[in-house]
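Step one of this worksheet: look at the structure below.
Labels below follow one simple rule: chain letters A, B, ... track the order of the sequence lines, proteins then strands, and each chain is numbered from 1.
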There are 2 protein chains.
Amino acid sequence: MEAKQRYYTILLADDHTLIRHGIRNLISNNPALKVIGEVGDGEELLEFLKTTQPELLILDISMPKLTGIEAVSRVKKLYPAVKILMLTMHKNKQYFYHAMSAGADGYLMKEDSDEELLLAIKRIQDGKSYLSPFLSQDFADDVISAYRNNRSSPFETLTKREREVLNLVVEGHTSKVMGEILCLSPRTIDHHRANLLRKFDMKNSVDLVNFAVRNGFVTPSD
Amino acid sequence: MEAKQRYYTILLADDHTLIRHGIRNLISNNPALKVIGEVGDGEELLEFLKTTQPELLILDISMPKLTGIEAVSRVKKLYPAVKILMLTMHKNKQYFYHAMSAGADGYLMKEDSDEELLLAIKRIQDGKSYLSPFLSQDFADDVISAYRNNRSSPFETLTKREREVLNLVVEGHTSKVMGEILCLSPRTIDHHRANLLRKFDMKNSVDLVNFAVRNGFVTPSD
DNA sequence: TTTTTCCTAGGTATAAATACCTAGAAAATA
DNA sequence: TATTTTCTAGGTATTTATACCTAGGAAAAA
């Protein structure tokens, strides 16, 4: 049996220094919790974990270099014992699907209060899962059960090629150009795009772009 | 002459409770500063200002109901004495143009450190303007001088109709449907869209969507 | 091994977008 | 008032996208 720990160790991963320090400040009000580190992107995160593993990782979903979702998968695979609380500003089904299927333990929104943050930490500390009440309002029970049935996100149902083509579609290329980029016939591009439209039940590329951006499949870079 | 005030009064406007409280926490470390209120959206902001005006308004650029930019214009028009520090997560030229031409006094990024926040407040308190060093790295001097010459954002050069059409284009409609929505000939829609493409030097609607989303002309709703 | 899925790409046809024109009426501006 | 801009919309032509087909080879799964 393990001796009871003095602190519950927490690592903060968020690319916004201000937010990170704000959260650290909030957490520091509770003497039972201890922030053992902060990282600003996915690379730093993995680097940090090589030497030290926190009990809880509070992770922003939109980080540079490694998206929050990918980070969840990687961290859970490498260090299954580390609990992960996703912290996001997106009230979005797809983010939720992504995060949960990737293995997150909790899902908190920045719209939530600081009390909610401490509650989320407490629940995860107790081995339970946590879902933001702000989010659960919008999620009907069937959606909750859907994720429990390991339903994957729409993006994950895409094939490799379809994902490649989707990214190029979002960049506004024509079939001809995309064909040149991928060394394929423009007709093949047409085929993949048609499949994308069919799979998502959409009518045109603009809808695809909106969908992809909205659901975080692509990051609209500066 | 006014008596020197005990506190520098600050109002926080941000739709994310967690961020808001984090900033309040950071500010509270400085006894010369006092957060006199928090609001979560543009309506609350204007309502609050009816009764009390802070010396400084710290404003997130992406708020519901009233965008940060619009809020700056309204607040500066109604209460010119209120200084405004924009707090944004977007490292983006257009946001900067928007904010500055709308009358913001400072532009801070969430990537910046808390020391930077206090520095920004200090500078504005002293009647100076503030620009995030994180941002200024990316902004060449000519860009800085450009905004000083009251150069407006690309979006502001659009006509009313063009903005309407742009919004519909972003929603993925065909010319035919857009014509029905606006009670215009699809040919007229084509004309406006062609002007949009020409004005922004772009080739297709997907590019327009990316541009509009990236620059905050439209808000990709959930 | 059989079956299925994926990737490839062509045929054909229609719909839509885009690129050039012209041009008049209304509105804003000088 | 005169000028410019905006909004309207049509003509024409080309390019692109989209919707259906077929179909063979490769890869993965059953």
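For Ser185(A), taking side-chain heavy atoms from C-beta onward, the closest of the listed nucleotides dT18(D), dA9(C), dT18(C) is dA9(C). Nearest nucleotide to the side chain of Arg193(A), out of dT18(D), dT8(C), dA17(C): dT18(D). Across dA17(D), dT8(D), dC7(C), the shortest atom-to-atom separation from the side chain of Thr159(A) is found for dC7(C).
Base contact: Asp190(B) has a heavy atom under 4.0 Å from a base atom.
Regarding Asp207(B), its CG atom lies at a distance of 13 Å from the C1' atom of dT18(C), rounded to whole Å. What separates NZ of Lys176(B) from C1' of dG10(D) is a distance of 18 Å, to the nearest Å. Rounded to whole Å, atom C1' of dT5(D) lies 12 Å from atom NE2 of His192(B).
Side chains of Ile58(B) and Val35(B) form no contact here, defined as non-hydrogen atoms less than 4.5 Å apart.
The CG atom of Leu184(B) lies 4.5 Å from the CZ atom of Arg161(B); values are rounded to the nearest 0.5 Å. Here CG of Leu11(A) is found 12.0 Å from CG of Leu85(A). Values are rounded to the nearest 0.5 Å.
Taking side-chain N and O atoms only, Thr188(B) has no distance below 4.0 Å to OP1 or OP2 of dT8(D). For the pair Arg161(A) and dC6(C), the criterion of a side-chain N or O lying under 4.0 Å from OP1 or OP2 is not met.
Each end of the helix from dT1(C)-dA30(D) to dA30(C)-dT1(D) gets its own axis, taken as the rotation carrying the C1' atoms of four end pairs onto the next four within a five-pair window, and the two axes meet at 60° to the nearest 10 degrees.
Residues passing the side-chain contact (heavy atoms from CB on, under 4.5 Å) test with Lys160(A), sequence neighbours excluded: none.
The base of dT12(D) sits with one of its N or O atoms less than 3.5 Å from a complementary donor or acceptor on the side chain of Arg187(B).
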